[in-house]
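Following: one structure in structure tokens, then a few remarks.
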Amino acid sequence: MTIFSTVGLFIALSLLTALILAVITIIPWLRSPRSQEKQVDNQLLDINVAVFRERLAELKTDKDSGTIDDSHYENQKLELERQLLDAQREVTPMVTPGVKSRLIIIVWVPVLSALAYVMVGDRTPVFELWAAEDKVSQVADDLLTGKIDQPPAWAIEDGQQLISAMQTNVYRHADDPNRWMRLSELFLSLEATDSALEALSRAYRLTPDNEEIATTYAQISFFANKGQLDANTRRVLEGVLIKNPAHEGAQMLMAMGEARSSNFDQAQGWIRRLRESISAKPGDHTQALSSLDELSASVSAQKQQASEGVEVTVKVNTSLLPLVKADDVLFVAIRDVNGGPPFAAKRLPISVIKQGEANISLSDLDAMMPERTLKSARDEKVQLAVIARISHSGTASAESGDLSGNPVVIGPEQTEVNVDINQQIP
């Protein structure tokens, strides 16, 4: 089927639909009168009769309650009957449209409908989608079902057509997790991480028991979140490990995530489990075990660096809690009291604050520049201050409306500090 046949079919169906609607609309006009030459519009008469009955009932009620006497009741009743007779004499004949009027309506309704469809908006994307469907729809289906691994050269002459056809195909088979999985691979090849994560999340929701899909979803989420284990990624990995405690990919992600979250003991525990699992398998795994030893040493070094840092307790004044929004960001940093780039800083989601309080660790692991570390500042006897700010925009620079606290100066050996967020930047 070519694009012209597709467009022609669409136009024909549109005109047929418009014609059917037009005929339904004017069907009363097509009925010829049988019982009388001139039809009469009795709607006004029916209304007058209804009003007469209601008024007569009111008069009867007034009479029975003694509000009016019999004489007044009879006079009012006669007046109502006279008005009703006058209204009955004044009837409005219906004007039956002629053949010419009917033909004008029948012709112009579909014409105007078609013109409105064409002129209201730009239909170029629709036509382009039809062209893509006609050209590469089968190739897209073969790629998404695993029948072929690479598209033919002619199918990727216009990459956008193939992408559109694949997306349309997936939405038509929205209950197929494998198609969503392969669509995510396409997005990853295009470095569209957010779209890939959305496709993976749909695949995971369709088959949460599929280890490959679950692990891939957790892995992409982990790296997209800059090595942080958020609640969703942790839940997915824990689900994989419940069904398969020896799953090496899930164990490695848990080890890396716990280390990134400064949970060093838990990270070492996952490394030990992974080492035992690999050692129990037949074959030479020297290289893999050596990599695990390096990771373990790195985690130990990170733990040592973290122990030399500062534990910051951030508290938000209760009067400011109603101003905190779900998409706000918490910035915590240690810097020179005289200003300049911070020696250690963290940008955290507002969810880390529980009941108005959050505990954050700042160390050389959070240095923004390798040469500008907390250790170097202390060695140079730099006077340091801890700052905390809740940003509504998520930018590092303070803006009007952000919530902040006064900088708290810390001593050279101080390892704990409390910062109160108690003011709003004007």
Side-chain angles (χ1 to χ4, degrees), residues 197 200-201 204 208-209 211-281 285 287-314 329-330 332-334 344-355 357-367 373-375 415-417:
L197 279 174
L200 281 169
S201 69
Y204 174 73
D209 295 331
E211 286 187 3
E212 179 186 1
I213 291 177
T215 306
T216 303
Y217 178 36
Q219 181 179 356
I220 301 302
S221 299
F222 176 78
F223 289 110
N225 201 30
K226 299 180 180 179
Q228 294 283 353
L229 274 180
D230 59 17
N232 182 59
T233 306
R234 186 183 293 273
R235 176 179 58 81
V236 174
L237 289 175
E238 289 175 348
V240 172
L241 290 168
I242 288 174
K243 297 179 179 66
N244 183 5
H247 195 290
E248 295 177 3
Q251 291 180 17
M252 178 59 77
L253 287 174
M254 289 296 290
M256 296 169 62
E258 296 292 11
R260 189 69 176 83
S261 301
S262 299
N263 300 324
F264 304 108
D265 293 337
Q266 291 89 330
Q268 293 285 21
W270 286 110
I271 293 173
R272 286 193 296 271
R273 287 180 57 179
L274 187 56
R275 185 182 180 85
E276 292 171 0
S277 176
I278 294 176
S279 299
K281 296 191 301 183
H285 304 290
Q287 186 175 357
L289 295 175
S290 177
S291 298
L292 287 178
D293 290 338
E294 292 177 3
L295 178 59
S296 179
S298 174
V299 172
S300 298
Q302 293 177 36
K303 182 178 180 180
Q304 178 62 30
Q305 287 180 310
S307 66
E308 298 171 353
V310 178
E311 295 293 328
V312 183
T313 300
V314 178
V329 174
L330 173 65
V332 184
I334 300 177
K346 276 187 176 179
R347 182 183 187 274
L348 302 166
I350 201 65
S351 58
V352 301
I353 297 179
K354 308 293 185 183
Q355 297 180 345
E357 185 174 324
N359 296 311
I360 297 114
S361 175
L362 288 177
S363 65
D364 287 345
L365 296 174
D366 307 301
T373 63
L374 189 59
K375 184 178 184 303
T415 59
E416 294 183 358
V417 63

Worksheet item: How far apart are the closest heavy atoms of L362 and L374, and which atoms are they?
Response: O-CD2, 4.2 Å
Worksheet item: Can you find a pair of side-chain heavy atoms, one from R272 and one from S296, that are under 4.5 Å apart?
Response: no
Discussion item. Using the salt bridge (charged side-chain N to carboxylate O under 4.0 Å, His left out) criterion, which residues pair with K354? Sequence neighbours excluded.
Written reply: none
Fill in: Residue pairs, two or more places apart or on separate chains, that pass salt bridge (Lys or Arg N to Asp or Glu O under 4.0 Å) and touch residues 291-301
R275-D293
Item to complete: Output all residues satisfying side-chain contact (heavy atoms from CB on, under 4.5 Å) with R347, sequence neighbours left out; order by chain, then residue number.
Response: V329, F331
Fill in: Smallest separation among heavy atoms of E416 and V310, with atom names
N-CG1, 4.3 Å
Worksheet entry | Residue pairs fulfilling ring-ring contact (aromatic ring centres under 6.0 Å, His included) with at least one residue in residues 213-265, sequence neighbours excluded | Y204-Y217
Response to the item:
By side-chain contact (heavy atoms from CB on, under 4.5 Å), A345 pairs with (sequence neighbours left out) A333, P342, M368
Discussion item. Restricting to side-chain contact (heavy atoms from CB on, under 4.5 Å), what partner residues turn up for K375, sequence neighbours left out?
Written reply: D364, T373, D379
Validation: residues 254-262 side-chain donor-acceptor distances under 3.5 Å, sequence neighbours left out:
from: E258; atom 1: OE1; to: N263; atom 2: ND2; distance (Å): 2.8
from: E258; atom 1: OE2; to: R234; atom 2: NH1; distance (Å): 2.8
from: S261; atom 1: OG; to: G257; atom 2: O; distance (Å): 3.1

Worksheet, complete the sentence: A301 meets the side-chain contact (heavy atoms from CB on, under 4.5 Å) criterion, sequence neighbours left out, with none
Discussion item. Counting C-beta onward and ignoring hydrogens, is there a side-chain heavy-atom pair between L237 and L229 closer than 4.5 Å?
Written reply: yes
Discussion item. Taking the side chain as everything from C-beta on, heavy atoms only, tell me whether E276 gets closer than 4.5 Å to S279.
Written reply: no
Practice prompt. Any chance you could measure I271, atom CD1, to L295, atom CG, to the nearest 0.5 Å?
Written response: 3.5 Å
Discussion item. What verdict does the side chain to side chain contact (heavy atoms under 4.5 Å, CB included) test give for V299 and W270, after you've listed the backbone C-alpha separation in whole Å, the side-chain angles of each residue and the deciding distance to 0.1 Å?
Written reply: CA-CA 11 Å; V299 172; W270 286 110; over 6 Å; no
Worksheet, complete the sentence: Closest non-hydrogen contact found for A224 with L197 is CB-CD1, 3.9 Å
Response to the item:
The reported gap from CD in Q305 to CG in L365 (rounded to nearest 0.5 angstrom) is 4.5 Å
Worksheet item: Does a side chain donor of either Q302 or S363 reach within less than 3.5 Å of an acceptor in the other side chain?
Response: no
Worksheet entry | side-chain hydrogen bond (donor to acceptor under 3.5 Å, both in side chains): pairs with one or both residues in residues 219-231, sequence neighbours excluded | D230-T233
Fill in: Residue pair A214 / V240: nearest heavy atoms and the distance that separates them
CB-CG2, 3.6 Å
Worksheet item: Can you list the steps and then say if E311 with T415 is a side-chain hydrogen bond (donor to acceptor under 3.5 Å, both in side chains)?
Response: CA-CA 6 Å; E311 295 293 328; T415 59; over 6 Å; no
Worksheet entry | Listed partners of E238 passing side-chain hydrogen bond (donor to acceptor under 3.5 Å, both in side chains), at least two apart | none
Worksheet entry | For the student: nearest non-hydrogen atoms of P245 and R273, plus distance | O-NH2, 3.4 Å
Fill in: Test side-chain hydrogen bond (donor to acceptor under 3.5 Å, both in side chains) applied to E357 - qualifying residues, sequence neighbours left out
none
Item to complete: Could you tell me which residues satisfy salt bridge (charged side-chain N to carboxylate O under 4.0 Å, His left out) with E212, sequence neighbours excluded, listed by chain and number?
Response: none
Discussion item. Just verifying a value: how many Å separate L253 CG and L274 CG, rounded to the nearest 0.5 Å?
Written reply: 10.5 Å
Worksheet item: What heavy-atom pair brings D366 and K346 nearest, and what distance separates the two atoms?
Response: OD1-CE, 2.9 Å
Worksheet item: Hey, is NZ on K303 packed in by over 12 heavy atoms from elsewhere, all under 6.0 Å?
Response: no
